[in-house]
*Asks:* 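The structure follows.
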Amino acid sequence: MLRGFYTATNGMMAQQRRQEVLSNNITNAQTPGYKQDQVSLRSFPELLIQRMENRDFPNSQNRTVPTMTEIGAINTGVYVQETIPDFVQGSLRETGISTDVALVQGETPDEEGSIFFNVQNDEGEVRYTRNGNFTLDGQGNLTTNQGHYVLDEAGNPINTDGLDFTVTPEGVLLLDGAEIPLAVSYTANPNDLVKNGQDLLELAEDGAALVDARGVAGLQFNVQQNHLENSNVDAAQTMTDMMQAYRSFEANQKVVQQYDRSLDKAVNEIARLG
């Protein structure tokens, strides 16, 4: 009896985690460049059920030993194995704001390859983002909307001195006669990156280092100024998935409640003496 209790409980925990991920996706449906997370559910290893039978089966010491008869397998529930970002290109939205910049990815040499802007976090470490909703700080530095410096191809923060600038489709910032290429990195496997909060991604411990996108053969991309890349969250589909997760949680909850009533009856009624 308790085996089914734990199976249903695992199902509730998995659906709760799925609901949390879907809720976060909905929350960021309007966040520029946001990549939705997908939940990977996996079942626990199945258990082989056997029945022990007391049949006469003499061994070498003339002793009787029980034999085992296979009944079948039983599943012990599911769990959330991992959450995987979906790096599909989002649609573009024109804003008319010169500090808004969008990456538009074309053909790539790798099926799952993806490109990112390079930024510098508060600790001075390089991070990656698709959110081109940039702005200027008080010193004229080009920053993300969270205040992280946007980097040039040499890995240095970009300072505009408060002057107007233009970004070419090649990702070169034209400023008062100077040409400053924006740092754009490429990875063949974006799953080597993990979300770090504030629309930033960092390289996983065992991930392959990102390379300069301009030096990758067969890679096509361009940069659109005055545009932003929308989130790739499908709000309608996500709401449907949330309802499905809720119904699954509710079904497992009813199973747990039924087990609880059965245990209550077994303890307080069946086992009552006198």
Side-chain angles (χ1 to χ4, degrees), residues 1-31 34-54 66-88 111-112 114 187 189-207 231-272:
M1 180 182 292
L2 291 179
R3 187 178 290 117
F5 182 91
Y6 291 128
T7 299
T9 302
N10 288 332
M12 290 176 60
M13 294 171 63
Q15 294 304 327
Q16 179 180 4
R17 177 61 181 139
R18 184 184 176 207
Q19 187 78 278
E20 291 171 354
V21 172
L22 292 170
S23 298
N24 185 61
N25 287 342
I26 281 290
T27 301
N28 288 281
Q30 300 299 320
T31 301
Y34 176 80
K35 302 304 178 185
Q36 66 177 347
D37 286 319
Q38 297 177 321
V39 176
S40 173
L41 295 178
R42 185 173 182 178
S43 63
F44 289 104
E46 291 186 345
L47 298 178
L48 181 63
I49 304 301
Q50 294 181 321
R51 182 177 62 193
M52 182 180 294
E53 298 178 342
N54 292 320
T67 60
M68 305 296 290
T69 300
E70 291 186 3
I71 298 175
I74 185 171
N75 194 289
T76 54
V78 299
Y79 66 100
V80 175
Q81 182 182 25
E82 59 183 338
T83 56
I84 306 172
D86 178 8
F87 289 97
V88 170
E111 184 178 354
E112 302 295 333
S114 192
T187 177
N189 182 14
N191 291 323
D192 285 341
L193 299 172
V194 295
K195 291 187 176 182
N196 191 241
Q198 299 183 333
D199 303 327
L200 301 182
L201 297 145
E202 65 176 330
L203 191 65
E205 292 183 4
D206 56 349
S231 163
N232 66 358
V233 175
D234 185 335
Q237 182 61 50
T238 303
M239 288 297 295
T240 301
D241 291 341
M242 290 178 68
M243 288 299 298
Q244 183 186 52
Y246 172 76
R247 294 303 183 193
S248 296
F249 180 93
E250 189 177 48
N252 281 288
Q253 184 183 43
K254 290 183 181 300
V255 172
V256 171
Q257 291 173 344
Q258 185 58 46
Y259 271 111
D260 182 64
R261 285 191 289 269
S262 298
L263 288 172
D264 178 69
K265 185 178 290 292
V267 171
N268 296 308
E269 296 183 25
I270 298 177
R272 185 179 299 163

*Asks:* Nearest 0.5 Å, what's the OG-CD distance between Ser248 and Gln253?
*Replies:* 12.5 Å
*Asks:* Please give me the minimum heavy-atom distance between Ala29 and Ser231, naming the atom from each residue.
*Replies:* O-CB, 3.2 Å
*Asks:* Does atom CE of Met12 have more than 12 heavy-atom neighbours, drawn from other residues, nucleotides or ligands, at distances under 6.0 Å?
*Replies:* yes
*Asks:* Within a reach of under 6.0 Å around CD of Gln30, are more than 12 heavy atoms found that belong to other residues, nucleotides or ligands?
*Replies:* no
*Asks:* How many angstroms lie between CG in Leu203 and CG in Asp192, if you round to the nearest 0.5 Å?
*Replies:* 6.5 Å
*Asks:* Less than 4.5 Å apart, any side-chain heavy atom of Asp234 and any of Gln36?
*Replies:* no
*Asks:* Can you list the residues that meet the salt bridge (charged side-chain N to carboxylate O under 4.0 Å, His left out) rule with Asp37, with sequence neighbours excluded?
*Replies:* Lys195
*Asks:* Hey, is the main chain of Tyr6 close enough, under 3.5 Å, to the side chain of Asn10 for a donor-acceptor pair?
*Replies:* yes
*Asks:* Working to the nearest 0.5 angstrom, can you tell me the gap between Met242 CE and Asn25 CG?
*Replies:* 9.5 Å
*Asks:* Checking side chain to side chain contact (heavy atoms under 4.5 Å, CB included) for the pair Val21/Arg17: CA distance, chi angles, key distance, verdict?
*Replies:* CA-CA 6 Å; Val21 172; Arg17 177 61 181 139; 3.8 Å; yes
*Asks:* Is there a donor-acceptor pair under 3.5 Å between the side chain of Asn24 and the backbone N or O of Glu20?
*Replies:* no
*Asks:* When rounded to the nearest 0.5 angstrom, what distance separates CG in Asp241 from CD in Gln19?
*Replies:* 10.0 Å
*Asks:* Decide side chain to side chain donor-acceptor pair (under 3.5 Å) for Gln258 and Arg261; before the verdict, give the C-alpha distance in whole Å, the side-chain angles of both, and the deciding distance to 0.1 Å.
*Replies:* CA-CA 5 Å; Gln258 185 58 46; Arg261 285 191 289 269; 2.9 Å; yes
*Asks:* I need the minimum non-hydrogen distance between Ala204 and Val194, along with the two atoms involved.
*Replies:* CB-CG1, 4.3 Å
*Asks:* Would you say that Gln15 contacts Leu41 through its side chain, given a criterion of any heavy-atom pair below 4.5 Å between the two side chains?
*Replies:* yes
*Asks:* Looking at every heavy atom in both Ala14 and Val78, which two are closest together, and how far apart are they?
*Replies:* CB-CG2, 3.9 Å
*Asks:* What distance separates Ile84 CD1 from Gln38 CD, expressed to the nearest 0.5 Å?
*Replies:* 7.0 Å
*Asks:* Under 4.5 Å between any side-chain heavy atoms of Asn196 and Leu201, yes or no?
*Replies:* no
*Asks:* Around Phe249, counting heavy atoms of other residues, nucleotides and ligands shown, do more than 12 lie under 6.0 Å from its CZ?
*Replies:* yes
*Asks:* As an exercise, state the distance from CD of Glu112 to CG of Asn189, rounded to the nearest 0.5 Å.
*Replies:* 7.5 Å
*Asks:* Could I get the full list of ring pair (Phe, Tyr, Trp, His ring centres under 6.0 Å) partners for Phe87, not counting sequence neighbours?
*Replies:* Phe116
*Asks:* Would the distance check show the side chain of Lys35 and the main-chain N or O of Asn232 forming a donor-acceptor pair, the cut-off being under 3.5 Å?
*Replies:* no
